[in-house]
Structures are given as C-alpha cells and as structure tokens.
Peer 1: 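Here you go, one structure.
Letters A, B, ... are given to chains in the order of the sequence lines, protein chains preceding strands, and every chain is numbered from 1.
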Protein chains: 2
Amino acid sequence: MTRGTATAEARANGAQAARQAAILVAARTVFSEMGYEQASIIEIAGRAGVAEGTIYKYFRNKRDLLYQVVKDFYTGIIEGLEDEVHLLESAADRLRFIVWRHLKVFMKDARICLLFIREIRTDDDYARSVFRDLNRRYTACLVETVERGIATGELRADADPHLVRAMVYGSVEHVAWNAIVGGRRLDIDAAARMLADTLLAGLKPPENETASLGATVDRLETLVARLDKAL
Amino acid sequence: MTRGTATAEARANGAQAARQAAILVAARTVFSEMGYEQASIIEIAGRAGVAEGTIYKYFRNKRDLLYQVVKDFYTGIIEGLEDEVHLLESAADRLRFIVWRHLKVFMKDARICLLFIREIRTDDDYARSVFRDLNRRYTACLVETVERGIATGELRADADPHLVRAMVYGSVEHVAWNAIVGGRRLDIDAAARMLADTLLAGLKPPENETASLGATVDRLETLVARLDKAL
DNA sequence: TCACAAAAATGAATAGCATTCATTTTCGAA
DNA sequence: TTCGAAAATGAATGCTATTCATTTTTGTGA
C-alpha cells in the first residue's frame, strides 16, 4: 500500500518534474529570443505544450518563471567555475582565467546575461534576492584570489579586493557589451589577455628593485670615488 | 496680418512648449520614482495636469516619452563635461576627473542612470538610436585623453583607448552600483582616486629607468673591478 | 464685442496581456 | 470498472497603453 503509493507518487512527481522542465526550457528560449516584456505567457505555454493556466500551477507568476530560468543558468555557471579555478596556482593565472571565462560566458550566452542585467540586477529588491547570494558566490572566487595574491606579495598590499572585483566584472561586461552592440566579432582570448594584463599591471606591487638598484649604485659610486682618490 | 499670425503662433508655441515641458518634468519624476514598467501614463498625465490623450499629442508613445526624458538628462551631463574637462592638462588629471565626475553623476542621479542602463542601453536597437551617438560623444572625451596620453608618452604606447574606455566606465558603474545596492554611503572622492590610480598604474609606460640603472651598475662594476685590480 | 474655423485637449472605447478560478480531464487505488 | 483526488484547462477579469470621435479653446476678422 505504502509501496504502491510511493511508486505512484514517484511517477507522478516524475511527470510533474518533466512538465516543469519543459516549461523552463520553453521559457528560457522565449525570454532569450524576445526579452522579458515582449515574451508572453501564451507563447511560452504553447511552446511547452501546456495551457496558460498550467504555468501558474508551477510558477507564482511571469517574473518567478524568469527568476527560475536565470537562477538555473547562473547556478550552472558557478558550479563550472568552482570546478575549474582551483586548478590554478598563482593569483595572476587565476585572475586571467576568471576574466577569460566571464567574457566567454557573457559572449556565448549574451541574451540570458542581458536578462540578468536588465531584469534582475537592476530590480529594486535585488539586494534581498537569491541572486545577491549567487553573485556573492560567483565573485567570491575573484575576491579570494586577490586576497591570497596580497598575502603572498604577488599583488600590492593596498589593493582593495572589492574595488578589484568591480573593475574586473565591470570591465569585462563593458567590453562584451560593446562587441555585442557593435555587432563585431570579438577575439575573446586576446581581449581577455589585454584586460587581465592591464589590470595586473595596476595591481603589481611597487618595484623596490629600483630602490635597491639605486642603493647599489650609490654604494658603488662611493667605492669608485674612494678607489679613484687612492690611485 | 502675417505679423499677427506670427505672434499668435509664437504664443501658441510658447504654451505648447510649456505643456511639453510640464509633461517631461512629470515623466522624469514618475519614471525615476517607479521605474518604466510601473509608471503609468495616467499617473504622469495627472501630475502634469493634462489628460491621458494629451500625452500622445506630444509624444509618440510611452517609450518615446522615456527617451526624451533620458535624452534631455544625458545631453545636460555631456555639455557640463565638455565645459569642464578641457581645463585640465595632463592625461592623468583628465582621467582622474572623468572617473570622479562619472561616479558623482551616477551616485547623484542613480535612478535615471538606471533607466538608461535598464531600458535603453540594453534595448535591441540601441545601436541605431540617438543614444549611441550621445554615448559616443560622452566617452569621446576619455578616448581622446587616452590617445593624447599615448602620443605624449604619458601612457604606455600599447594601451587600447577602447579597452580603457570599457574599463573606466565599466568599473565606475560597478562601484556605484555596488554602493547603491548595498545601501552603503560611498566616499566618492576616495573611490574615484583609488580607481583612477589603479587604472593609471596599469597604463603607465614600462619604466626603463630600471634598464638604464642596470646599465650604470654594469659600467660601475667593471670600473671598480678594474680599479680594484690596479691597486 | 462677437462669430467662426482651426487647433488642441479630452476621456470613453479598444485591444492586448497577466492572472484567476470554475469546470473538465486525467490518474491511480480498490 | 468506478470513484475521488489531483492536475490541467481556457474563458472571464482587471489593468493599462493607445486610439479617436467629440468637446473645448484659441485667435482672427468684421
């Protein structure tokens, strides 16, 4: 009895899960193609093969549906990043990789990244949404990289990890967006390298090689002068 | 006769201009307070003291009204910038000023800047809109600064002005947006200085002081060795 | 000052879309 | 095969941008 009910429920849950997944796939397609405003529930329902009302059995409203779509996408991106970044050692390599990967994701899935910027990050209660946490987790990687880089002396001690975060993600997004708007093809590898290198140049600890060289020169000058006089 | 008609028209035009201005003021307030979606034409009409239909005599539709509001705002910002920036000489000073001013505008008029990001820059035909030109004009200032800086040797020769543009505006907007979302007060002067200094550090020409010092050291070492042997 | 035609303003009517909910269909246990 | 619960449906509702037939205002000439 319990057994029968359990398998029945499992089957039912499976069917529901499949339906929910179909709606999410349709929604992702339609939102990506037409943007949030232009997308209509009828269109999404049609592509998912369900009636309008059914959507509301699975999602509170249109915006909730968008949130699920973007949340699933974002979660996938974060998990991939966490798997990959720990393989790299130096702060410079990690930063280069993070820049490259963010740029790549942004260019590849521009439409969905755009939905995030337009509909979620600029929403009045973004600060209290799951997306705030997802963003924290996504960028934690870079913040930790910078902190470690400072600790090991690879990066200048007065670098502010949160400022660096703003610079990295802000720069990458502007570069990507310019390319998308301009309809230009972007050499992702080259752009990422230039960006990362410029950022790293700004974060390099001030060379005291110069100072020590100067000291050596002074020492030698004195020595030469003395020897010269001695001759 | 012609005279009479002319003044009559002038008066009429004056009245129409005043009405249009009233609608624009109301629209700016309502759009800023509630965002584009939430703002309703009835609300805007009410605050401007006209009927709904009247709005459509002056503006093609709701979006056109938004565009006029943002365009007027943006134009004012650009004119102010052009007046001010030419007073500064060095590329470093100009870049510092541009960063500071962009950050300041963004923090002061966050709601309207947000409308720009959310409703205009991410619009599918932004590339063919007046806003593309306005943005070009706004950022031309920085691009020219970087080009001049490269020409005078103040900035490294291999800096890409368009990459620098993406870095400057991307970074500033991320910094501003983090502060706004986090509800934190932002020390604009300090943040602008840090940002500009980090950017400038990355754009500084590679020091060949080190190389020349090295050469001097080599010369001295040889000399000392010779003198030493001579003694 | 008045009459009148052209211009401007009005707000009721229209249309499109998110959301709700009374009804119908499906499903699984007995 | 039957029945009750769960799921799905799509017509009805309500909200808002936009239109347009009607009303009001404006300026001119007598």
Peer 1: Nearest-Å distance, OH (A:Tyr58) to P (D:dA7)?
Peer 2: 7 Å

Peer 1: Return whichever of B:Arg63 or B:Lys57 has its heavy-atom-nearest nucleotide of DNA chain D closer to the 5' end.
Peer 2: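 Mapping each residue to its closest nucleotide by heavy atoms, the 5'-most match is B:Arg63.
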
Peer 1: Flag the pair B:Arg148 and B:Glu144 as a salt bridge only when some basic side-chain nitrogen lies within less than 4.0 angstrom of an acidic carboxylate oxygen.
Peer 2: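 Answer for the salt bridge query: no.
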
Peer 1: Using a heavy-atom cut-off of under 4.0 Å over every strand shown, decide if B:Ala45 touches base, sugar-phosphate, or nothing.
Peer 2: nothing

Peer 1: Quickly work out the B:Glu52 CD to D:dT19 C1' distance and round it to whole Å.
Peer 2: 11 Å

Peer 1: Between B:Asp160 and B:Arg165 (salt bridge meaning N to carboxylate O under 4.0 Å), is one present in this structure?
Peer 2: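 Between B:Arg165 and B:Asp160 there is no salt bridge, as every charged N stays at least 4.0 Å from the carboxylate O atoms.
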
Peer 1: Decide ring-ring contact (aromatic ring centres under 6.0 Å, His included) for A:Phe131 and A:Tyr67; before the verdict, give the C-alpha distance in whole Å, the side-chain angles of both, and the deciding distance to 0.1 Å.
Peer 2: CA-CA 9 Å; A:Phe131 293 103; A:Tyr67 283 4; 5.4 Å; yes

Peer 1: Which listed nucleotide (C:dA9, C:dT19, D:dA7) is nearest to the side chain of A:Gln16?
Peer 2: D:dA7

Peer 1: Using a cut-off of 4.0 Å on non-hydrogen atoms, how would the nucleic acid contact of A:Lys62 be classed: base, sugar-phosphate, or nothing?
Peer 2: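 The answer is sugar-phosphate, as A:Lys62 gets under 4.0 Å only of primed atoms, P, OP1 or OP2.
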
Peer 1: Under 4.0 Å between any heavy atoms, over every strand shown, what does B:Phe59 touch: base, sugar-phosphate, or nothing? Just pick one.
Peer 2: nothing

Peer 1: Between C:dG11, D:dG10, C:dA9, which one does the side chain of A:Ala51 approach most closely?
Peer 2: D:dG10

Peer 1: Looking at B:Tyr56, does any N or O in its side chain come under 4.0 Å of the phosphate oxygens OP1/OP2 on D:dC20?
Peer 2: no

Peer 1: Just how far, in rounded Å, is P of C:dA18 from CD of A:Gln38?
Peer 2: 10 Å

Peer 1: Measuring centre to centre across the rings, with the benzene-like ring taken for any Trp, is A:Phe73 within less than 6.0 Å of A:Phe116?
Peer 2: no

Peer 1: Could you tell me how far apart B:Ile41 (CD1) and D:dT18 (C1') are, to the nearest whole angstrom?
Peer 2: 9 Å

Peer 1: Among the candidates D:dT9, D:dA7, C:dA9, find the nucleotide nearest to the side-chain atoms of A:Val50.
Peer 2: D:dT9

Peer 1: Would you mind reading off the distance between B:Glu37 atom CD and C:dA18 atom C1', rounded to a whole angstrom?
Peer 2: 11 Å

Peer 1: Using the ring of each side chain (for Trp, its six-membered ring), is A:His102 parallel, tilted or perpendicular to A:Tyr138, with breaks at 30° and 60°?
Peer 2: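 If you compare the ring of A:His102 with that of A:Tyr138, the planes turn out tilted.
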
Peer 1: Expressed as a whole number of angstroms, how long is the span from B:Ile42:CD1 to D:dA17:P?
Peer 2: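 Going from B:Ile42 (CD1) to D:dA17 (P), I get 8 Å.
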
Peer 1: For B:Glu43 and D:dA17, what is the distance between atoms CD and P respectively, to the nearest whole Å?
Peer 2: 11 Å

Peer 1: Could you tell me whether A:Ser40 contacts a base, only the sugar-phosphate backbone, or nothing, with contacts defined as non-hydrogen atoms closer than 4.0 Å?
Peer 2: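 Answer is sugar-phosphate: A:Ser40 comes under 4.0 Å of backbone atoms only.
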
Peer 1: Rounded to the nearest Å, what distance is computed from the OH atom of residue B:Tyr36 to the P atom of nucleotide D:dT16?
Peer 2: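 Going from OH in B:Tyr36 over to P in D:dT16 covers 14 Å.
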
Peer 1: If only side-chain N and O atoms of B:Arg60 are considered, is one of them under 4.0 Å from the OP1 or OP2 phosphate oxygen of D:dT18?
Peer 2: no

